[in-house]
Amino acid sequence: MIKANLNKLLMELPATVKLVAVSKFHPFEAIAEAYGAGQRIFAESRAQELYSKIETLDSFRQGMAEKAAAEGGDMDVAKAYMADVQWHFIGHLQTNKLKMVLPYVSLVHSVDSVRLLDAIDSWGRANDKITSVLIECHISSDESKQGFSMEEFSAFLSENKARGNVRVRGVMGMATLTDDEEIIRNDFSRLVKMSGMLRDTFGDGCNEISMGMSGDYRIAVEMGSTMVRIGSMIFGDREY
Ligand SMILES: *Cc1c(COP(=O)(O)O)cnc(C)c1O
């Protein structure tokens, strides 16, 4: 099922759009199955859940290594198991949880404040890691959605502060939860505009636009998304 869902999506997505499989609330086995079907990028939205999945992967590898050692099998195969998996973080990140997330992820989509950006930068300086991030922009009319407002975004672009341990790669946003396509298109066009402002300030290295989920990825792709974050269409409904 997971494999068929992935193949269906990949047939549809242009080659330039990266597919981020959102595995939150699904067990590690579902990730392993998607990996077996060729998927490499997975995203989680809660620090603890990401961390425990990485621990599960570690214990899988260890189990395989012990088995290989006992049976004279190939240890390198065990060590290499899912070695090229990439983890992304897409949820609200508390500054006291950075150490559970930043060592393991190749991209944080959800930097929703300058304070968090600063915290990631100082963590990186202390731990010798440069973290790639996206600036989460508040584009929806849903009250609860976090992210930079246009005012905060403009202030951020004009502050001109150097942060050596973060690389801003682009923007991320979530459209209003609605069936009204026009509202979704308006939300996404705000994000595309903010992406342009970001590139004007930081240059072409920050051209990623993370937009589109199971319900609205077709519109997002049509409007210039470079990364879609898809959960339920791959893994099925989540049980909270
Ligand atoms: C859960 C989540 C998704 C995936 O949602 P689906 O509707 O299951 O595709 C995408 N982005 C973020 C930020 C999420 O929290």
Side-chain angles (χ1 to χ4, degrees), residues 1-13 17-28 30-31 33-34 37 39-53 86-94 97 100-101 105-113 116 120 132-148 169-181 183-184 187-188 190-192 194-195 208-240:
M1 202 55 197
I2 288 177
K3 184 175 181 161
N5 293 345
L6 278 169
N7 286 341
K8 192 162 158 271
L9 268 167
L10 289 173
M11 297 258 284
E12 212 185 308
L13 293 173
V17 176
K18 289 187 260 305
L19 175 59
V20 177
V22 177
S23 46
K24 65 185 184 193
F25 294 93
H26 292 283
F28 177 78
I31 295 174
E33 191 179 336
Q39 179 63 24
R40 290 296 177 267
I41 309 177
F42 296 89
E44 292 285 337
S45 61
R46 297 182 304 171
Q48 181 60 56
E49 187 174 346
L50 171 72
Y51 189 74
S52 61
K53 280 172 178 163
Q86 286 181 53
W87 301 102
H88 288 187
F89 196 78
I90 58 172
H92 177 61
L93 183 53
Q94 290 166 279
K97 303 234 167 98
M100 287 166 74
V101 171
V105 297
S106 57
L107 184 67
V108 177
H109 291 231
S110 45
V111 172
D112 52 10
S113 68
L116 177 58
I120 295 174
S132 289
V133 303
L134 305 179
I135 301 297
E136 181 174 355
C137 300
H138 181 113
I139 51 168
S140 82
S141 42
D142 295 343
E143 213 33 73
S144 63
K145 298 274 162 68
Q146 48 220 5
F148 283 63
R169 298 289 186 207
V171 293
M172 180 271 239
M174 274 185 278
T176 308
L177 222 56
T178 173
D179 290 332
D180 189 334
E181 264 204 29
I183 294 177
I184 297 172
D187 290 348
F188 284 158
R190 266 194 295 282
L191 190 61
V192 169
M194 289 163 103
S195 161
E208 296 288 357
I209 307 178
S210 167
M211 67 179 188
M213 308 176 21
S214 295
D216 55 20
Y217 72 92
R218 288 196 181 92
I219 304 173
V221 166
E222 196 187 300
M223 296 187 67
S225 168
T226 66
M227 255 181 209
V228 290
R229 310 174 310 273
I230 297 189
S232 37
M233 253 195 80
I234 298 171
F235 297 108
D237 288 336
R238 286 180 286 275
E239 284 178 37
Y240 292 97

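Both counts, for ligands and for their atoms, begin at 1 and track the order of listing. Nothing fancy with the numbering, it's 1 onward along the sequence. Predicted model, so just to flag it, every value in this text is computed and none were measured. Values reported hereafter were calculated over all heavy atoms of this structure, with side chains retained and with hydrogens, waters and symmetry mates removed.
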CZ (Phe28) with more than 12 external heavy atoms under 6.0 Å: yes
Salt bridge flag under 4.0 Å for residues Arg218 and Glu222: no
Close side-chain approach of Arg238 to His26, heavy-atom, < 4.5 Å: yes
Top protein contact for atom 12 (C) of ligand 1, by heavy-atom distance: Ile90 CD1, 3.5 Å
Numbering as shown, the atoms of ligand 1 that approach Ile230 to under 4.0 Å (heavy-atom distance): 9 (O)
Under 3.5 Å: N/O of Ser45 near N/O of ligand 1: no
Ala175 to Ser140 - nearest heavy-atom pair and separation: C-CB, 3.7 Å
Side-chain touch Tyr51/Glu44, heavy atoms, less than 4.5 angstrom: no
More than 12 heavy atoms from other groups under 6.0 Å of CG on Asp180: yes
Ligand 1 atoms in contact with Arg229 (distance to a heavy atom under 4.0 Å): 4 (C), 9 (O), 10 (C), 11 (N), 12 (C), 13 (C)
Ligand 1 versus Arg238: contacting region, heavy-atom distance under 4.0 Å: side chain
Close N or O approach (Gly231, ligand 1; < 3.5 Å): yes
Identity and separation of the nearest protein heavy atom to atom 14 (C) of ligand 1: Lys24 NZ, 3.0 Å
Least distance between heavy atoms, Ser141 atom then Thr176 atom: N-OG1, 3.0 Å
Contact with ligand 1 for His109, non-hydrogen, under 4.0 angstrom: no
Per-atom contacts of ligand 1 with Ser214, taking only distances under 4.0 Å to non-hydrogen atoms: 6 (P), 7 (O), 8 (O), 9 (O)
Protein contact to atom 5 (O) of ligand 1 [nearest heavy atom, distance to 0.1 Å]: Met213 CE, 3.5 Å
